Amino acid sequence: MPGEREHDIVLFGASGFTGSLAARYLASHAPQGTRWALAGRNESKLKALRERLGVEVAILRADSGDAASLRALADSTRVLASTVGPYITHGEPLVAACAMSGTDYIDLTGEPEFVDLVYVRHHEQALQSGARLIHCCGFDSIPHDLGVQLTVEQLPEGVPLRVEGYVSAHGSISGGTLHTAVTAFSRLRSMTRAASARRALERRPPDRRIHAVRGVPHHQPGLGFALPVPGIDPQVVLRSAAALPRYGPDFSYGHYLVAGSLPVAGAIAGGVIGAVAMAQLAPTRRLLLERLQPGQGPSEQRRAHSHFSVRLIGAGDGRRVECEVRGGDPGYEETAKMLCESALCLAHDDLPELAGQLTTAVAMGRTLRERLMDAGISFS
């Protein structure tokens with residue numbers, strides 16, 4: 001781990017939509033004495049943000065296309081939190097700088113290709129430098145990762161365990177989220193290649209079985225119609241399970257989106273299929289991207305009426321438990337909160353001495369969960 005640095009936490013991309021929410025959260029919730037700073041490429045926007053927040057924090061200029069500025073940024077802090085996406089386009093140089101500098105790195109990515117490429121290219125360097133590289137520190141994928149960990153803790157030890165997660169969310173997307181999703185949809189072949197490259201390198205536990213449930217659409221009593229959902233959340237859960245023996249000798253996880261009714265489920269599935277198809281061709285991809293621009297997002301009033309729930313049903317050795325993670329606006333208010341509490345956890349809390357690419361459950365686990373509960377996110 002790094003020695004004494006000028007800052008405890010640097011927030012990179014602070015002038016963006018989610019970045020500004022994270023900056024507001026740190027301004028209100030960072031403990032006294034926390035040395036934090038705002039960073040990005042537009043110094044005037046960062047200064048305007050600092051003035052709106054009414055805080056005295058440093059302004060650091062860095063650009064995702066300028067490797068020297070990123071290395072200086074990484075060298076200056078113990079923890080670096082990035083909100084600059086799409087991460088597959090803008091993210092890797094900053095991760096590389098943190099891996100070289102021994103700086104803890106967190107982000108909000110939901111992009112499997114980016115996470116896999118970081119593992120292939122920077123995991124070993126981070127192991128050597130002591131850097132913790134922790135992705136998906138927002139709604140992707142903290143409620144699912146820490147929620148499954150809580151569920152496992154309620155089940156018997158040393159036996160096969162099965163957990164299923166049912167996600168219900170109500171909210172709007174920002175321009176940054178739209179651009180990230182469309183970029184990911186357009187790179188399906190690259191995503192497959194990155195996953196294969198990771199599998200060739202990553203060591204799996206030799207004496208334990210960790211696997212995904214091949215789910216099918218079904219009606220879940222008490223919740224509604226459920227659609228199986230691939231993507232980053234189940235991948236993160238399964239990586240936590242592979243790293244933590246507490247998940248048992250045989251662990252399986254299924255991940256579902258709760259649609260409420262069959263017509264709504266059909267509309268969601270059709271919309272996703274259509275968006276993926278449109279993302280494959282440049283002209284239709286541009287049409288999708290023109291709907292919202294980075295920096296645009298839902299109003300504060302709209303965010304105040306947004307919410308999420310993740311219901312987790314676990315079973316093992318004849319015992320059945322249900323856990324739930326609940327919160328407000330999933331995409332932005334709560335995501336900013338999760339990112340900032342992750343940064344504060346890394347900067348201030350007593351955590352396992354680990355390094356390399358890690359999940360939130362492995363790196364911070366119950367300590368972060370308790371922080372989030374204190375901050376108003378329910379784990380029950």
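Quick caveat, the model's predicted, so the values are computed rather than measured.
Ion pair Glu43/Lys47 flagged as a salt bridge, since at least one NZ, NE, NH1 or NH2 atom sits closer than 4.0 Å to an Asp/Glu carboxylate oxygen. The pair Arg162-Glu164 counts as a salt bridge, with a side-chain nitrogen and a carboxylate oxygen less than 4.0 angstrom apart. Using a cut-off of 4.0 Å between Lys/Arg side-chain N and Asp/Glu carboxylate O, Asp63 and Arg71 are scored as not salt-bridged. Using a cutoff of 4.0 Å between basic side-chain nitrogens and carboxylate oxygens, Asp349 and Arg371 are scored as salt-bridged. Taking a cutoff of 4.0 Å between a charged side-chain nitrogen and a carboxylate oxygen, Glu92 and Arg121 qualify as a salt bridge. A salt bridge links Arg24 with Glu333: the closest approach of a Lys/Arg side-chain nitrogen to an acidic carboxylate oxygen falls below 4.0 angstrom. Between Arg369 and Glu153 there is a salt bridge, since a side-chain N of the basic residue sits under 4.0 Å from a carboxylate O of the acidic one.
Linking Ile, Leu, Val, Met, Phe, Trp and Tyr whenever their side-chain heavy atoms come within less than 4.5 Å leaves Ile313 and Phe308 in two separate clusters.
A search for ring pair (Phe, Tyr, Trp, His ring centres under 6.0 Å) contacts involving His122 returns nothing, not counting sequence neighbours. Take Thr335 and apply the side-chain contact (heavy atoms from CB on, under 4.5 Å) test, not counting sequence neighbours, and it matches Thr18, Leu108, Phe139. In this view, Ala22 and Leu11, Ala336, Leu339, Cys340 satisfy the side-chain contact (heavy atoms from CB on, under 4.5 Å) rule, not counting sequence neighbours. For Pro283, the side-chain contact (heavy atoms from CB on, under 4.5 Å) partners are Leu281, Arg286, not counting sequence neighbours. By the ring pair (Phe, Tyr, Trp, His ring centres under 6.0 Å) test, Phe251 pairs with Tyr247, sequence neighbours left out.
Judged by distance alone, with hydrogens and angles left aside, the side-chain atoms of Arg5 form a donor-acceptor pair with the main-chain N or O of Ala74 at under 3.5 Å. Side-chain atoms of Gln235 never come within 3.5 Å of backbone atoms of Pro112 as a donor-acceptor pair (strictly under, hydrogens ignored). Side chain of Ser101 to backbone of Cys98: no donor-acceptor contact under 3.5 angstrom is found. His144 contributes no side-chain N or O that, together with a main-chain N or O of Asp140, makes up a donor-acceptor pair within less than 3.5 Å. Asp107 places a side-chain N or O within 3.5 Å of a backbone atom of Cys136 that can act as its donor or acceptor partner. The backbone N or O of Phe12 sits less than 3.5 Å from a side-chain atom of Thr83, completing a donor-acceptor pair.
Taking every heavy atom of both residues into account, Ser240 and Val362 meet most closely at CA-CG2, 4.0 Å. Closest approach of Pro217 to Pro228, counting heavy atoms only: N-CD, 3.6 Å.
Sorted by first and then second residue, the ring pair (Phe, Tyr, Trp, His ring centres under 6.0 Å) pairs involving residues 28-53 (not counting sequence neighbours) are Tyr25-His29.
Using cut-offs of 30° and 60° on the angle between ring planes, the pair Tyr87 and Phe114 is tilted.
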Would Arg366 and Asp350 count as a salt bridge (charged side-chain N to carboxylate O under 4.0 Å, His left out) if you check the C-alpha gap in whole Å, the side-chain angles of each, and the deciding distance to 0.1 Å?
CA-CA 11 Å; Arg366 183 178 298 181; Asp350 184 18; over 6 Å; no

Using the salt bridge (charged side-chain N to carboxylate O under 4.0 Å, His left out) rule, take Arg320 and Glu322 through it: C-alpha gap first, then chi angles, then the decisive distance, then the call.
CA-CA 7 Å; Arg320 183 181 185 276; Glu322 290 194 25; 3.0 Å; yes

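Within the 4.5 Å cutoff, the side chain of Val118 has no heavy atoms near those of the His123 side chain.
Annotation: His219 is not in aromatic contact with Tyr256 [ring centroid separation under 6.0 Å not met].
Relative to the ring axis of Tyr332, Arg303 does not place its NZ or CZ within 45° and under 6.0 Å from the centre.
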